[in-house]
Number of protein chains: 2
Amino acid sequence: MPDNSPERLVPVPELADRLGYLFKHAHSRLSDLTSAALAPLGVSGRQLAVLLVIAEEPSGSQLGIATRMGLDRTTMVTLIDDLERKGVVERFPDPSDRRRNVVVLTSQGRKTTRQGAALSEQAEKSFLEPLSEGDTAVLRRALRLLAFPSSFRTRSAT
Amino acid sequence: MPDNSPERLVPVPELADRLGYLFKHAHSRLSDLTSAALAPLGVSGRQLAVLLVIAEEPSGSQLGIATRMGLDRTTMVTLIDDLERKGVVERFPDPSDRRRNVVVLTSQGRKTTRQGAALSEQAEKSFLEPLSEGDTAVLRRALRLLAFPSSFRTRSAT
DNA sequence: TATTGTTATACTCTATAACTATA
DNA sequence: TATAGTTATAGAGTATAACAATA
């Protein structure tokens, strides 16, 4: 998307009620804020997401990480390539099943993950600045229900 | 994104609180529903959006349409190419400024636009099915504020 | 000179198919 | 045979640079 700054202000009336359009532009604004916030660390939002999954799954395989993120295993290859080149992860064959690659954070990787999580939280905060706390809570819950409808009870919101 | 069906159900705990992740997956689910709904018409959601803008701006130029959609003018070229090939739009040089291409809907294009709008509304409806009406209203307003923050008064929501 | 459409090119994100090593 | 990782390739969606026609 072209930046259209300083006029990112232009909700086209005939599209402003279409959810797809709103999702795209809202997501794009969040991405811009997040990229900017993470830039000093040299990782993208997508790469940070990978780091967060690895941090939570300390000896996961590439396939395991990909599956948890909803990505293809071929996509994960270059993602890990890049992170390895940056020095934030290491990979080596699992001794107990040499088909698998175990992926672990380096100590620098742990630091990057910690700092990245904090920076991206700040970016989220400024992204959400136009909303009240109540609306933010509703938004989060709504997004969870819409993204993963079958994983929740249908206790509809108030 | 791989479909991961029937388990699109998998909100990874370490990512489920990240807005970027939720936006991506919610948007992806909406896109899937919309594509499926529009498939009989032979147009994508993106192409329908172009048709809607043209319908609203009956003698717009390619650049005008692109700008209104937040796209680049080079992106619009192939978008219009495809729509012209499908027979839903026509383009010709503006007699009063022959640098511009005027883009208009054909009669088939008007029909496709009308039907597409209805079908994609149905898709939105089933997408939103997990939410109450109240939450849906909050979501729509929140997305508008988040996507185009500077175009609204900062009357924060209740 | 500036603007519109176009072409060529490239980058990101993603997938499918096919290969290799291992099980 | 089946699985994990890899490579090659392709297809959306998008942008930048450069060019032609027109203003």
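Heavy-atom basis, side chains included; hydrogens, waters and symmetry copies ignored. Per chain, numbering begins at 1; letters A, B, ... match sequence-line order.
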- Return the value, rounded to whole Å, for the distance between atom CG of B:Asp94 and atom C1' of D:dA23. 12 Å
- Does C:dA23 have OP1 or OP2 sitting under 4.0 Å from an N or O in the side chain of A:Arg99? no
- Could you pick out which residue, B:Leu79 or A:Asp81, lies toward the 5' side of DNA chain D when each is mapped onto its nearest nucleotide? A:Asp81
- Query: What is the distance, rounded to the nearest whole Å, between atom CG of B:Asp82 and atom P of D:dG11?
  - Reply: 14 Å
- Task: Can you tell me the distance, in whole Å, between the CZ atom of B:Arg98 and the C1' atom of D:dA20?
- Result: 13 Å
- Out of C:dT6, D:dG13, C:dT22, which has the shortest distance to the side chain of B:Gln62? C:dT6
- Nucleotide C:dT6, atom C1' - distance to CE of B:Met76 in whole Å: 14 Å
- Taking only side-chain nitrogens and oxygens of A:Arg100, does any of them come within less than 4.0 Å of OP1 or OP2 of D:dT3? no
- Note: for B:Val102 and A:Thr74 on DNA chain C, the residue whose nearest nucleotide lies more 5' is B:Val102
- salt_bridge(A:Asp82, A:Arg85) N-O dist < 4.0 Å: yes
- Query: Any idea which of D:dT16, D:dT6, C:dT14 is nearest the B:Asp72 side chain?
  - Reply: D:dT16
- Where the side chain of A:Asp97 is concerned, which of C:dA23, D:dG5, D:dT22 is the nearest nucleotide? C:dA23
- Hey, does A:Arg73 reach any base, or is it just sugar-phosphate, or nothing, if we go heavy atoms under 4.0 Å? base
- Roughly, in whole Å, what's the span from CZ in B:Phe92 to C1' in C:dG5? 15 Å
- Item | A:Ile65 CD1 - D:dA4 C1' separation (whole Å) | 12 Å
- Task: Answer yes if the side chains of B:Arg73 and B:Gln62 hold a donor-acceptor pair under 3.5 Å, and no otherwise.
- Result: no
- Item | Short side-chain N/O contact to D:dG5 OP1/OP2 from A:Arg91, under 4.0 Å | no
- Item | Interatomic distance where CE belongs to B:Met69 and C1' belongs to D:dT14 [whole Å] | 13 Å
- What is the distance from CD of B:Glu84 to C1' of C:dG5, rounded to the nearest Å? 13 Å
- Query: Is the shortest side-chain N to carboxylate O distance from A:Arg99 to A:Asp94 below 4.0 Å?
  - Reply: no
- Message: Does any part of the side chain of B:Arg140, heavy atoms only, come nearer than 4.5 Å to the side chain of B:Leu128, both counted from C-beta?
- Response: yes
Exercise answer: donor-acceptor pairs, residues 39-58 of chain B side-chain atoms, under 3.5 Å, sequence neighbours excluded:
unit_1	atom_1	unit_2	atom_2	d
B:Ser44	OG	B:Arg46	N	3.4
B:Ser44	OG	B:Gln47	N	3.1
B:Gln47	OE1	B:Ser44	N	2.9

